[in-house]
2 protein chains.
Amino acid sequence: MAVATLSDVAARAAVDVSTASRVLRGEEGQRVREETRARILAAADALGYRANPVARALRTARTHTLGMAVPQLDNPVFAAAIAGAERVAAARGYALLISHLEDALPAKDAYARLAQLNRVDGLLAATLEEDAPLAEALARAGVPFVALNRVLPGACSVALDNIAAMRVAVDHLVSLGHRRIAHLAGRASGWNGRLRLAGWRAALRAQGIRPDPELVEHAGYTASGGAAAMAALLARVRTPPTAVLAATLVSAAGALRTLRQAGLAVPGDVSVAALHDGPVAELVEPQLTTVALPAEAMGAAGAEALIAMIEGGQVSDATTLLPPGGLVRRASTGAARGR
Amino acid sequence: MAVATLSDVAARAAVDVSTASRVLRGEEGQRVREETRARILAAADALGYRANPVARALRTARTHTLGMAVPQLDNPVFAAAIAGAERVAAARGYALLISHLEDALPAKDAYARLAQLNRVDGLLAATLEEDAPLAEALARAGVPFVALNRVLPGACSVALDNIAAMRVAVDHLVSLGHRRIAHLAGRASGWNGRLRLAGWRAALRAQGIRPDPELVEHAGYTASGGAAAMAALLARVRTPPTAVLAATLVSAAGALRTLRQAGLAVPGDVSVAALHDGPVAELVEPQLTTVALPAEAMGAAGAEALIAMIEGGQVSDATTLLPPGGLVRRASTGAARGR
DNA sequence: CCCGACAGAACAAACGATTGCGCAAACAGC
DNA sequence: GCTGTTTGCGCAATCGTTTGTTCTGTCGGG
């Protein structure tokens, strides 16, 4: 016999399976003689009994498994979010099923994936780019889910406070005397990209600086995108900005390359800062000043929220915005020229 | 009723559940009238029936789920391996359960995790650093598993061909005229680290060069480790090497920093190359020449092997060594001085 | 006209747990 | 000594499938 079942334990302890079950589940309100309980525990121990999660799941309609859908696995932000979710899930006795959903997933595929859904108790969806329909389908199916890394109206969401993060970065640059601060934005279609752009505007205005639309260039989320955007920006404007604030670490790294090729010193001529801290920030030259964003905590908070919904039996639509982790000052930012 | 069950379908089609099951599982050898089959399919379609994976798993003792244990999630190599495993798993109808197991996991923890094991059909273990006992426990429990990213004697293993990869790198450097080629090694305790060191020696010898033990420095797997090791090496040797071959991308990036600070030009004075290609290689200055290593393919091959074991019912102990993806020549390597 | 053979579908027993309910023994109150 | 309550535990149904076995016709052959 490969693995001991409950009835094996019950047989060895000479009790009914129901009694064995009650004892082994460790419920308090049960009336079982102390001697019987000990006998059952001893039998379970001797046989190395472990409850079969599949059978339990069938009976209780709870798999104690969380599904997590992410658009890309190689992105450090999602990797960190997975790590955070896994940490919380493990601590709360849940397993984590991960699913790679390309960004632009055909609807039918998405629904096919839903088929797998009754094997999870809830879904952590980092991938609902514009997928309101999928969200609705989930809600209709009564599957608890939380939108991760973006705010989905009407759904429980856990995301980063991009506005606050941009404000930290802008305030830092302004405190160094910068007033012409360009923004290498993310994708215009992305939730985070849009909010970072909005945050750039808001933070500048809060500092009494008029945001100049000419200083915005969309760079996407790659180094080459950052390099190209930086080049386009330099080619376009009369007076180059004294500082560049990139929406992501890798686009900032790309921008650094372009600036170097253009013969501009960083931070002598142009300061560069980015959102999202990470190991890469210390590998580039000069090392990048960043605003740390709590990606791991985002995954963890998402898992917490999801488990709360599952165990509470309540679907919540609360939105959690995680504040930035703070400025990580390195070598790429310095006083504005002529100050 | 939240979700339709098989008996709902059977009732609607006015047949027995067993008949419905046979039709919906789509087995060929079954004798069912065409008209009945159509009626059942129509009913299933109308109700949006999807088989409950949990019930099916209980009955068939197959969860169609793969477990994957990794030591770190933020490491790009493991992220890629996960992506590869997920791709194959999804294509073959399996789900991927990921589990983060710290490197030095206490045995009792490991066994606790085993408890979750009857919810997976097999285990992809990237984390059996020195865990022969765990491997044995798995084997004894009859759980199919494959060791990933290292070769575990007696177990089915999928790993990288470090020897071949180092040879590609060494040959490249030698072809540029280098003969004093230092090695920034990984951890001496790590399987990959050890083999890369061995590969360095073997490749040099194959080129008729005596490997000089003085030119080896252990750098671990971090940028700061790489920087420190490079510094130590420079401080130690009389004549600096003309080339440095790092066991990992990030340690090479760290070494670059040290070389820059020491006033040595790359590749003018010293060429630098590393194993493992990745986005980081293009972000550093100068961009790094690397040997691409198939991390995603490793995850994929591991999943393939595991599924083959599961579906074949045979435990294999075959070892697959994946050949390097090839040299990615960038700016950090050049002709040896004085050639 | 009877007897297999066979197709088509129903019956029923699992898989391994959880849980409402019922039953016996022990015990108290009167 | 009889009833009523409590305590401790067993009985049996159930979760949603899969699958071996059995049953009922129908049909062809002798």
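Chain identifiers are assigned alphabetically (A, B, ...) following the order of the sequence lines, protein sequences preceding nucleic acid strands; residue numbering begins at 1 within each chain. All values derive from a computational prediction rather than experimental measurement.
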Specify the separation, in whole Å, of atom [atom1] of [X] and atom [atom2] of [N].
X: B:Arg25; N: D:dT17; atom1: CZ; atom2: P; value: 12 Å
X: A:His64; N: C:dT18; atom1: NE2; atom2: P; value: 11 Å
X: B:Leu24; N: D:dG16; atom1: CG; atom2: P; value: 16 Å
X: A:Arg33; N: C:dA25; atom1: CZ; atom2: C1'; value: 10 Å
X: B:Leu47; N: D:dG16; atom1: CG; atom2: C1'; value: 15 Å

At 4.0 Å (heavy atoms only), tell me whether [X] reaches a base, stays on the sugar-phosphate, or touches nothing.
X: A:Val15; result: sugar-phosphate
X: B:Ser21; result: base
X: B:Arg31; result: base
X: A:Ala13; result: nothing

Strictly below 4.0 Å: does [X] bring a side-chain N or O up to OP1 or OP2 of [N]?
X: B:Ser18; N: C:dA10; result: no
X: B:Thr36; N: C:dG8; result: no
X: A:Arg59; N: D:dT14; result: no

